[in-house]
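What follows is a short report on a single structure.
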Amino acid sequence: MSIYDTLNEQQKKGVFTAQGPVLILAGAGSGKTRVLTHRIAYLIDELGVNGWNIMAITFTNKAAGEMKERVADIVGMGSESIWVTTFHSTCVRILRRYGDRLGYDNNFTIYDSDDQKTVIKDICKRLQIDTKTLKERSILSAISSAKDELISPEEFGLNAIGDYRKQRIAQAYKEYQAALKKSNAMDFDDLIMNTVELFKTDKEVLEGYQKRFKYIMVDEYQDTNTAQFELIRLLADAHHNLCVVGDDDQSIYKFRGANIRNILDFEKVYPEAEVIRLEQNYRSTQNVLDAANGVIRNNKGRKRKTLWTDKGEGNLIHFRQFDNAYEEAEFVAGDVARKKRKGQADYGDCAVLFRTNAQARLLEERFVVEGIPYNVVGGTNFYARREIKDLLAYLKTIDNGRDDLAVKRIINVPKRGIGAATIAKVQDYADMHEISFYDALRQADAIASIGKSTAKLKPFVNMIQAFRSKLEFYGLEDLIKDIIETTGYVEELEAADDEEAGSRIENIDELISKIVAFEEIRDHPSLGEFLEEVALVADIDNVENGNNKVLLMTLHSAKGLEFSHVYLTGMEDGIFPSYMTIASDDPDEIEEERRLAYVGITRAREDLTLCYAKMRMIRGETQMNAISRFVKEIPTELMDNRVPAPKHCPADMTIPINEPSGQPYKARPVATLMPKRTAAENKPFIAGGGIGSLSAAGISKGIGAVTGGKPDYDIGDRVKHVKYGEGTVTDLEPGPRDYKVTVDFDDAGQKIMYAAFAKLVKF
DNA sequence: TAGTTGGGTTTTTTT
DNA sequence: AACCCAACTA
């Protein structure tokens, strides 16, 4: 009996074909992760390959972490040394080591989309680009696409000849790259493009990595872009032991540069490639699969694939129609509650999917009312929130003084009376002497034009310098608390005392928790590493399994996940497929949208519910939409089709799909149905959240973040802290928003902390 | 310099 | 509906 016995023939072929290029076309739910993990096990245990020589690339940190775990479970020794990471982390790791060969400092900063926007705005001003006709957003997306295709600013300029608009973008692109380099910063796309550049210009580096990575595997291959493919191609060039796994039907990231040709043309690039199809689905019932197949068969130009399962037919697909989005949300939350009550499903078995993040709002409110624990994945990234970005900017300034953006962000936050005029003068001085903004600040005395304001700049510089020198002696937790204390950041928020301030403070507490957690996990936690980790996390990465909450997320976020019970909401033409793709003359766009529907449907193991709302408020406008064409592509015999019965009717009523207006169900006026609740009114209902909560600010902050209550320990009690170990409580006093507890730890000495996130356990 | 207000804009998806 | 920005006022 070996671990490979449970694999089917095709899966075995995928595992045992270790040499040469391999393309595994893996339908949804066909066990591709099992193939990858067993393949790694086979390489190590049977072929004696050193884990050091294996690289597996995934798209999210979450997927990477899970793969690492599963490999460790089945491989005896040597799984620790395998590189299992995302494209972006891989590139950062390489560039941290060799970035200097491209003219960057190895402690470069990673810019997020917010930072990019700030940079491009400034450039548009300088180049006098009229942002009415040429939007910053379009410029950035043009730059991003160029980088995905490995097109340099120079090349972009050459292609732009004769096209004024393109020429302007080319200028902006050039300026943008210069600005980033000057700030010692890279954006997401640079990480990939620069690594490719490094490999192409530096044989020594490339050969080093080629020698190391004898076996390379790429997951979600259909979502790779041209630059990522080139990166992989270069790495695999010495050994050709490249195994890619993907499903062209699940390619949903074209807007991010994913090049579907990578998968469709794999055999052209590697004519000797072995192609393996995984067509047995182990996830869903026949009905779910038939529904998925019914939709996806309307796409042209896909690789032939027929998914089958030996599971039974299972439940019919439920199709539910509502008058408006409030009723839809009411139904979904109610249905989850009903299933829970009847023991048909637990919260953690359910997921609610939608096309756009904005749709989460109503659903969330309804889940709060019902008291159902849930998590919203995505929306505004935790690290993109203002207060978090502010504090991170302090950390970045301390870590990399060349990051002008970070310095400018915080120089007057909290208010120090340093205004735009002063900043402009400092910048002029910096430009003149070709030094960074921060270095210019340090020489403020020499800037004649500033005058009195010099007195305001000096304390700022001194403060940053002090943080830097103190960092030699204390850890990141002490640093962030010192920053908050010294700058009075939280104090200012407390003074503001509005509703938002409360949730901002909670977010800051959560940031501190994340820093504490980071320091616990790492052996030698450094500031740079923390900032790097933070820059590369995706929302989905923080979703914990096993805390039994309903997950609310976009269809995109749901890729790669599976749930027993899935709700697809907003099944309306104009929402899904989105209006943009319907209006587009490019038929490929609607096909990508259809693939998204395919992804959504195939997330379900047993039970799939599609929801339609006749009316929906979009950007302040009430829209009426037809039933999604994707619903109509599902064979009708697979569906039950009902509108919920009005209160006085005994049973649900069945009506034909094509005549939603035929229903006898009159809604009460929308306004009285579900009056909009303010955040304050929502507070008593708090249900979701918890540490690591990804929910929209304010609505579902967590159990662990509840502040103000008196802890269950007192002065003199012995307590245990997750990091500092055991100690004695020496002081406990009520602070402005939480108890401040002082503990004399046996090993770590005396610490003062807020009770809510100290999480001390009395014993 | 800081805070307010009114007007204009909004890609849908994200590493 | 919500956000962002520019212009205006204190």
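Proteins get letters first, then strands, A, B, ... in listed order; numbering begins at 1 in each. Below, each value reflects all heavy atoms present in this structure, side chains not excepted, and no hydrogens, waters or symmetry copies. Predicted, not measured: the structure shown is a model, and the values here were computed from it.
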The answer to which of Ile423(A) and Asn381(A) contacts DNA chain B further toward the 5' end, by nearest nucleotide, is Ile423(A)

To the side chain of Ala421(A), which of dA2(B), dT14(B), dT1(B) is closest?
dT1(B)

Classify the nucleic acid contact of Thr422(A) as base, sugar-phosphate or nothing, counting any heavy atom under 4.0 Å across all strands shown.
sugar-phosphate

With a 4.0 Å cut-off, would you call Glu66(A) and Lys62(A) a salt bridge?
yes

Check every strand shown and say whether Tyr253(A) touches a base, only sugar-phosphate, or nothing at a heavy-atom separation below 4.0 Å.
sugar-phosphate

Interatomic distance at P, dT13(B) relative to dC4(C), whole Å:
15 Å

Counting side-chain heavy atoms from CB outward, which of dG3(B), dT14(B), dT15(B) is closest to Asn357(A)?
dT14(B)

5' precedence on DNA chain B between Glu589(A) and Phe87(A) (nearest-nucleotide basis)
Glu589(A)

Any donor-acceptor N or O pair under 3.5 Å, side chains Tyr598(A), Gln250(A)
no

Looking across every strand, which nucleic acid part, if any, lies under 4.0 Å from Lys135(A) by heavy atom: base, sugar-phosphate, or nothing?
sugar-phosphate

Output the single nucleotide from dT11(B), dT14(B), dC5(C) whose closest atom is nearest the side chain of Arg137(A).
dT11(B)

Think Asn225(A) has a side-chain N or O under 4.0 angstrom from the OP1 or OP2 of dT15(B)?
no

When we call it a touch if two heavy atoms are under 4.0 Å apart, what does Asn412(A) touch: a base, just sugar-phosphate, or nothing?
sugar-phosphate

Under 4.0 angstrom between Arg361(A) side-chain N/O and dA2(C) OP1 or OP2
yes

Is any NZ, NE, NH1 or NH2 atom of the basic residue among Asp223(A) and Arg256(A) found under 4.0 Å from an Asp or Glu carboxylate oxygen of the other?
no

Side chain of Lys121(A) only, please: which of dC5(C), dT15(B), dA2(B) is the nearest?
dC5(C)

In plain terms, say whether Arg366(A) and Glu328(A) are close enough for a salt bridge, that is, a side-chain N and a carboxylate O under 4.0 Å apart.
no

Aromatic ring of Phe59(A) stacked on base six-ring of dT15(B), 5.5 Å, 30°:
no

